[in-house]
2 protein chains.
Amino acid sequence: MDIVDRKYRILQAIIDDYILTALPVGSRTISRKYEQKLSSATIRNEMSDLEELGYLDSPHTSAGRVPSNKAYRLYVDQMLRPVPLSVEETAFINRCFERRSHQVADLSTRIARSLSSMTRYTTAVMTRAPRSEQMLSHLQLVPVADRRVLLILVTTTGSVRQHVLDVPRAMAADELYAVSRILTARLEGTPLSDLPARLAQLGGEELGGLARAMAEQQPHEEHSDVSALVVGGRSNLLSFPEYSDVDKAKALLSVLETREKVVSLLSHNGEMEISVRIGPETGMEETKDCSIVTASYRLSDGRVNTIGLIGPTRMQYGKVLSVLGQVGRSLNELLDETGGKLE
Amino acid sequence: MDIVDRKYRILQAIIDDYILTALPVGSRTISRKYEQKLSSATIRNEMSDLEELGYLDSPHTSAGRVPSNKAYRLYVDQMLRPVPLSVEETAFINRCFERRSHQVADLSTRIARSLSSMTRYTTAVMTRAPRSEQMLSHLQLVPVADRRVLLILVTTTGSVRQHVLDVPRAMAADELYAVSRILTARLEGTPLSDLPARLAQLGGEELGGLARAMAEQQPHEEHSDVSALVVGGRSNLLSFPEYSDVDKAKALLSVLETREKVVSLLSHNGEMEISVRIGPETGMEETKDCSIVTASYRLSDGRVNTIGLIGPTRMQYGKVLSVLGQVGRSLNELLDETGGKLE
DNA sequence: ATTAGCACTCGATTCGAGTGAGTGCTAACA
DNA sequence: TGTTAGCACTCACTCGAATCGAGTGCTAAT
């Protein structure tokens, strides 16, 4: 067990060093910087074993060794020691969650910006609102123009959706209010997803054709139920030596500009609170040399907030996980304060 | 005038060729491809003159010549012949403006995507709503949660703003409606910018402290009055040889990720409908080797839509201007149909 | 089991020669 | 006088050979 323990330590040292330098690491480096009791020859033997076991790759004969995806997997599953955040870092995160002091941008944008500036990786923040779970609590029609009204839906969880409708004839504010009252009474508690159907049922002309207009003009809420997606710090990727090849950089950046692809990268989260996917585990050809760390938080109104960081597989997992942990804590604090409402 | 005319033609040929190839162009190239009546030696003399006049630069003695910013200026001001768009291209643009057929993304996003995919440059689309010009037409309060109400402001031009308020005590829908009526009556026609002041005046407790809450909690609408900003096709930049240097690419991409900077790049528009800014005219150190073409459209509700394309100074100005022109025409058509309302 | 020692590998760097596109100048020409 | 042929010269770029050096694997001694 002792020798196994040593292999383990050596592997860890290799990964640590490679994450730091992005250079293949050689036996002498380990012997000098990490395991001074052992000669480089010994390390060499161990490294040879580790390669056989599939934890190391050698780019070519006379370069050092590079951790394999299997090694990274072991690393995040078992080797990670928590990296304590500096006081400044913690403060920085907390500041980004302060009440609505600096209203400059919405919370998602602020999270994306600060995470990518702290970690130097690329950050994506997504909010999904499972439409099916939300139910109508209040409905209100407001005049906008001659034959246009604004339809406002407030759900039981307190979130608000709005949509402009074209209506067959002009209606006064008072009339619209009366209709709003009737419809609210009849439809309260209806799941949002059933709303168009229920409205179509009501159908008739008695409400000035409004119910029909509403049924027909309901926005079929995007493809998915993603309500917000912000990506920040894309240009950070260009600092990594693995993307000094412009073509590689372009391929990845282009994925990160495609909303659907980003959503799918963030979504593959097996309902874990925090998930780390390494290389091919990201599930996309273009990101087979990347790792993605995602954290999901369920808001009290049923929406799910997912924060993802993407970078080369040689990622500072320790740091990233600590930062995400702190973000999670701050976020929960904020949610407690505000009763689970975001924005 | 004849000789001047020839210089002019040669300069144009040089610019055309350089825009196409990004390679310094030599006298022989011009003589073979553009002015077969003249020998390379003659061209050489002319080029020497053109350099003296400040229209050409030579990277070093034995490379060809490269157009200067002054040359590009002349080119867009006087040399541009309209590039007719292909049927496919026109169709492509029109498709992106089709009514609300594919609701997949909002109009700005669609414009940004299609423009950057057609031109291979980076596109930014911005909508500004000059707050000062807008006046209140209708105000409505809707219950959201126990002590939270949604404030909806409809302006004379038919645009809608919403904002959630914390209120001192719970209020029923009917009561809120009554208050809405009173406030609408009193505040109709008030410019949005004066609203907080007017509300503070009303102040008193008679409305359940609502007016005060509203005065205090009015969102101070961002720094500027920019209501939407979408950037698309950033990764296109990486295809240009001028950005094969990763550091240059990073500097520019990083600008294009900073909302404020993009806004300022789009804003420097001297109220012209279409403006072309070349190199340093873009007004930002990081973009001194770029050109920016912007087009602005005033919507009938007073908002201004600005579409900008950014790329190396060696930009396909002809193509870009044609495309933007077509976009303008399609946009106007759409606006006519919908009475000037976007979204 | 560990290590010193050594031969060997192979990418990266350096250097110099050669190449070729391009210029500027001069002299001849129409 | 404007145009052109010719030529010397410049200078980035390419290519191959030589060199360097970090690193490996193996063997034999401790």
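Each chain gets a letter, A, B and so on, in the order the sequences are listed, and its residues count up from 1.
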Worksheet item: Rounded to whole angstrom units, what separation is found between the CE atom of Met47(A) and the C1' atom of dT24(D)?
Response: 10 Å
Discussion item. Nearest 0.5 Å, please: how far is CD1 in Ile93(A) from CG in Leu115(A)?
Written reply: 7.0 Å
Discussion item. With no hydrogens and no angle check, just 3.5 Å: does a side-chain donor-acceptor pair link Thr306(A) and Ser296(A)?
Written reply: yes
Practice prompt. Report the residue (Arg32(A) or Ser40(B)) whose heavy-atom-nearest nucleotide on DNA chain D is the more 5′ of the two.
Written response: Ser40(B)
Item to complete: Starting from C1' on dG25(D), measure out to CD on Glu52(A) and report it in whole angstrom.
Response: 13 Å
Worksheet entry | dC25(C) phosphate, OP1 or OP2, under 4.0 Å from Arg44(B) side-chain N/O | no
Fill in: Protein-nucleotide distance (Lys37(B), atom NZ; dT3(D), atom P), rounded to Å
14 Å
Worksheet item: Has Ser39(A) got a side-chain N or O lying under 4.0 Å from the OP1 or OP2 atom of dT3(C)?
Response: yes
Discussion item. If you assign each of Pro24(A) and Ala41(A) to its closest nucleotide in DNA chain D, which residue comes earlier from the 5' end?
Written reply: Pro24(A)
Discussion item. If I take atom CG in residue Leu38(B) and atom P in nucleotide dA30(C), what distance separates them, rounded to the nearest angstrom?
Written reply: 17 Å
Discussion item. Quick one about Ser27(A) and Ser40(A) (side-chain donor to acceptor, distance below 3.5 Å, no hydrogens or angles considered), yes or no?
Written reply: no
Fill in: Enclosure of Arg73(B) CZ (heavy-atom neighbours >12, cutoff 6.0 Å)
yes
Worksheet item: Can a donor-acceptor pair be found between the side chains of Thr122(B) and Ser116(B) at a distance below 3.5 Å?
Response: no
Worksheet entry | Matching residue for Asp49(A) among Arg65(A), Lys7(A), Arg44(A) - test: salt bridge (Lys or Arg N to Asp or Glu O under 4.0 Å) | Lys7(A)
Fill in: Integer-rounded Å distance: dG23(D) P and Asp57(A) CG
17 Å
Item to complete: Give me the ring orientation class for Tyr72(A) and Tyr317(A): parallel if the planes are under 30° apart, tilted from 30 to 60°, perpendicular past 60°.
Response: tilted
Worksheet item: Checking all strands, does Ser27(B) fall into the base, sugar-phosphate, or nothing category for heavy-atom contacts under 4.0 angstrom?
Response: sugar-phosphate
Worksheet entry | Closest to side chain of Arg65(A), choosing from dT4(D), dT3(C), dG25(D) | dG25(D)
Item to complete: Would you kindly give the CG-to-C1' distance between Asp17(A) and dA22(D), to the nearest whole Å?
Response: 14 Å
Practice prompt. Starting from the C-alpha separation in whole Å, work towards a yes-or-no answer on side-chain contact (heavy atoms from CB on, under 4.5 Å) for Ile30(B) and Leu38(B).
Written response: CA-CA 9 Å; Ile30(B) 297 300; Leu38(B) 299 178; over 6 Å; no
Worksheet item: Are the ring centres of Tyr121(B) and Phe240(B) closer than 6.0 Å?
Response: yes
Worksheet entry | Asn45(B) vs Ala63(B), nearer the 5' end of DNA chain C by closest nucleotide | Ala63(B)
Practice prompt. Among the candidates dG23(D), dG25(D), dT4(D), find the nucleotide nearest to the side-chain atoms of Thr29(A).
Written response: dG23(D)
Worksheet item: Going by distance alone, is a donor N or O of one side chain under 3.5 Å from an acceptor N or O of the other, for Ser114(B) and Ser117(B)?
Response: no
Table of protein N/O atoms under 3.5 Å from nucleotides 7-9 of chain C N/O atoms:
unit_1, atom_1, unit_2, atom_2, d
dT9(C), O2, Ser62(A), OG, 3.1

Fill in: Terminal axis angle for the helix from dA1(C)-dT30(D) to dA30(C)-dT1(D), five pairs an end, nearest 10 degrees
20°
Worksheet item: Counting side-chain heavy atoms from CB outward, which of dT2(C), dG23(D), dG6(D) is closest to Arg28(A)?
Response: dG23(D)
Worksheet item: Over how many whole Å does the gap from Glu35(A) atom CD to dT3(C) atom P extend?
Response: 11 Å
Fill in: Whole-Å gap separating C1' (dG20(C)) and CG (Leu23(B))
14 Å
